[in-house]
Amino acid sequence: MANLFKSCSLLLSVSLIIILCVQSRVNCTEFEVGGHDGWIVPKSRDNDQMYNQWASQNRFKVNDTLRFKYSKDSVLVVSEEEYESCRSTKPLFFSNNGDTVFKFEHPGVYYFISGVRGHCDKGQKMIVKVLAVHNPKPEPPHSHSPAPAPAAAPAFTSASTPAPSPSHHSNAGRPIPLLSITNLPLFLILLLPMLFA
């Protein structure tokens with residue numbers, strides 16, 4: 001019986017360590033578009049840039065997500081030309097489930113519009129610039145290499161029907177809570193007694 005308990009404890013400990021190591025490498029933020037109002041048609045022409053103003057106050061990076069909450073509407077990712085004309089017959093991404101999570105998989109400029117006729121013309125549209133995540137690497141001295149070629153057009157994906165999250169009433173993004181790699185040694189020290197029990 002003691003051996004079975006020791007084996008189960010060891011298996012559980014190793015599983016937790018693996019999960020925590022994987023989670024510690026993730027660093028992303030979820031932004032709730034429109035705050036507590038959600039993805040809605042601006043109430044007046046004076047607010048027709050409200051989503052672009054909101055986007056300009058935030059810094060987006062690869063692996064961040066946008067959460068769009070809405071009713072009887074949709075979210076489309078389109079080209080710049082389709083954004084300007086407020087019309088798209090073949091969007092790069094489409095969702096109408098009322099609670100859409102869109103993940104930025106590549107750096108670049110993303111154009112979002114409502115798919116309901118007339119909503120985009122009234123200001124329900126947004127431009128988001130996504131920054132690349134840089135892992136600084138030391139450059140060799142006197143490096144004169146050419147600039148890298150621009151990345152290919154981004155592929156768009158979404159996590160449909162995500163798990164519900166707590167109410168969030170701020171226009172700012174919120175970090176997704178994860179264990180920091182700096183806490184991992186402490187966690188391992190706490191698990192050692194279980195391994196040798």
Could you check if a side-chain atom of [X] sits within less than 4.5 angstrom of a side-chain atom of [Y], using non-hydrogen atoms only?
| X | Y | answer |
| --- | --- | --- |
| Leu66 | Phe112 | yes |
| Val116 | Gln124 | no |
| Arg87 | Val78 | no |
| Val109 | Tyr83 | no |
| Phe68 | Ser114 | no |
| Ile113 | Glu82 | no |

Q. If every non-hydrogen atom of Val62 is compared with every non-hydrogen atom of Glu105, which pair is closest and at what distance?
A. CG1-O, 3.6 Å
For the side chain of [X] and the backbone of [Y], is there at least one donor-acceptor N/O pair under 3.5 Å apart?
| X | Y | value |
| --- | --- | --- |
| Tyr111 | Ile127 | no |
| Trp39 | Ser74 | yes |
| Asp64 | Lys61 | yes |

Q: Name the orientation class of the two ring planes belonging to Trp54 and Phe60 (parallel below 30°, tilted from 30 to 60°, perpendicular beyond 60°).
A: tilted
Q) Parallel under 30°, tilted from 30 to 60°, perpendicular over 60°: which one fits the rings of Phe104 and Tyr110? A) perpendicular
Q | Distance in Å, Ser79 OG paired with Glu84 CD, rounded so as to fall on 0.5 Å steps | A | 9.5 Å
Q. Going hydrophobic residue to hydrophobic residue with side-chain gaps under 4.5 angstrom, can you get from Val41 over to Met50?
A. no
Q: Inspect the surroundings of NZ in Lys122 and state if more than 12 heavy atoms from other residues, nucleotides or ligands are less than 6.0 Å away.
A: no
